[in-house]
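Read the structure below first, then the notes.
Worth knowing before you read on, the calculation uses all heavy atoms, side chains too, and leaves out hydrogens, waters and symmetry mates.
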Amino acid sequence: MVIEFDFDQPIFVISVAAQLADMHPQTLRQYDRLGIVSPSRAPGKSRRYSQRDVNMLREVQRLSHEGVSLEGIKRILQLENQVTALQGRVIELTEELQRRPRAVGARIFAAGTAGDVVSLARGKRPRARSQALVVWRPRGTGFELPQG
């Protein structure tokens with residue numbers, strides 16, 4: 001039998017979460033007021049902490065022992081959450097790119113002075129000063145401007 005544990009399920013009352021994080025319950029209340037760790041609320045307004053919250057409390061304690069201020073800790077946690085969200089977005093975009101069909105070869109476009117885009121035949125050069133050459137390489141890093 002496999003039991004799955006949801007790290008985001010708010011199951012711990014404040015006294016248990018404080019014990020698991022090796023902190024005083026009043027410290028958890030202060031962190032909640034400061035917005036450092038925000039537990040869920042049960043119907044009677046009592047705090048409920050998840051395992052993820054307890055792990056975060058341990059990280060707060062570690063940073064605090066290293067001399068980081070509470071405002072610094074709050075900012076570090078915000079940045080870590082932002083990095084996690086951005087990493088998830090990168091994964092989504094990478095998967096989306098992998099699902100798209102790949103074009104064969106390079107496509108060459110010229111951008112006119114009026115902002116118009118003209119597709120050029122292979123081996124053709126744009127007219128001087130009226131168009132800029134842009135090469136689209138589907139397997140490369142995107143657009144590139146030719147040298148020279």
Side-chain angles (χ1 to χ4, degrees), residues 1-120 122 126 131-148:
M1 170 192 262
V2 176
I3 299 175
E4 291 188 30
F5 184 76
D6 183 0
F7 278 89
D8 295 314
Q9 183 67 34
I11 56 175
F12 304 117
V13 294
I14 192 167
S15 60
V16 174
Q19 187 176 11
L20 290 170
D22 197 25
M23 295 179 174
H24 192 277
Q26 192 59 36
T27 305
L28 275 62
R29 289 184 189 96
Q30 179 185 10
Y31 290 167
D32 186 12
R33 280 192 299 277
L34 294 173
I36 294 175
V37 176
S38 300
S40 299
R41 298 288 180 159
K45 299 284 186 184
S46 63
R47 294 169 176 87
R48 292 288 190 266
Y49 292 84
S50 68
Q51 183 62 50
R52 190 172 311 280
D53 293 330
V54 171
N55 293 347
M56 192 178 305
L57 288 166
R58 289 178 182 154
E59 178 67 7
V60 168
Q61 185 179 49
R62 185 187 67 77
L63 290 168
S64 179
H65 285 309
E66 290 180 3
V68 181
S69 70
L70 290 180
E71 276 303 312
I73 291 170
K74 185 176 178 180
R75 184 68 179 137
I76 288 169
L77 294 176
Q78 288 171 341
L79 290 171
E80 286 177 349
N81 289 336
Q82 187 177 13
V83 166
T84 301
L86 290 171
Q87 287 171 333
R89 184 68 177 137
V90 166
I91 290 169
E92 289 174 13
L93 292 172
T94 301
E95 290 171 352
E96 182 180 329
L97 280 174
Q98 290 172 348
R99 286 191 301 268
R100 289 185 180 186
R102 302 238 183 222
V104 177
R107 295 177 62 189
I108 301 174
F109 300 91
T113 55
D116 54 323
V117 177
V118 180
S119 181
L120 297 176
R122 188 169 297 281
Q131 298 173 333
L133 181 67
V134 177
V135 178
W136 171 251
R137 299 198 187 281
R139 293 182 190 215
T141 57
F143 292 105
E144 73 180 58
L145 298 173
Q147 302 297 320

Original post:
About how many Å separate CD of Q30 and CE of M23, when rounded to the nearest 0.5 Å?
Top reply: 10.5 Å
**OP:** Please identify each residue that fulfils salt bridge (Lys or Arg N to Asp or Glu O under 4.0 Å) with R41, with sequence neighbours left out.
**Re:** D32
Original post:
Under 4.5 Å between any side-chain heavy atoms of R48 and V13, yes or no?
Top reply: yes
**OP:** Mind listing the closest non-hydrogen atom pair of P25 and A18 along with its distance?
**Re:** N-CB, 3.7 Å
**OP:** Mind jotting down which residue pairs meet the salt bridge (Lys or Arg N to Asp or Glu O under 4.0 Å) criterion with at least one end in residues 68-82? Sequence neighbours excluded, please.
**Re:** none
**OP:** Output the distance between atom CG (L86) and atom CG (N81), rounded to the nearest 0.5 Å.
**Re:** 11.0 Å
Subject >> Pairwise distance OG(S15) to CZ(R47) - rounded to 0.5 angstrom >> reply: 12.5 Å
Original post:
With distance as the sole criterion, is a donor-acceptor pair present between the side chains of Q51 and N55 under 3.5 Å?
Top reply: yes
Original post:
If you round to the nearest 0.5 Å, how far is CD of E96 from CD of E92?
Top reply: 9.0 Å
**OP:** Supply the atom-to-atom distance L70 CG to S64 OG, rounded to the nearest 0.5 angstrom.
**Re:** 6.0 Å
Subject >> For the student: nearest non-hydrogen atoms of P39 and D53, plus distance >> reply: CA-OD2, 4.0 Å
Original post:
When you look at CD of Q26, are more than 12 heavy atoms from neighbouring residues, nucleotides or ligands closer to it than 6.0 Å?
Top reply: yes
**OP:** Mind checking the OG1-CG spacing from T27 to D22? Nearest 0.5 Å is all I need.
**Re:** 10.5 Å
**OP:** Write down the atom of L57, the atom of A21, and the distance for their closest heavy-atom approach.
**Re:** CB-CB, 3.8 Å
Original post:
Taking C-beta and beyond as the side chain, do V60 and L77 meet within less than 4.5 Å on heavy atoms?
Top reply: yes
Subject >> Any L20 side-chain heavy atom under 4.5 Å of Y49 side chain >> reply: no
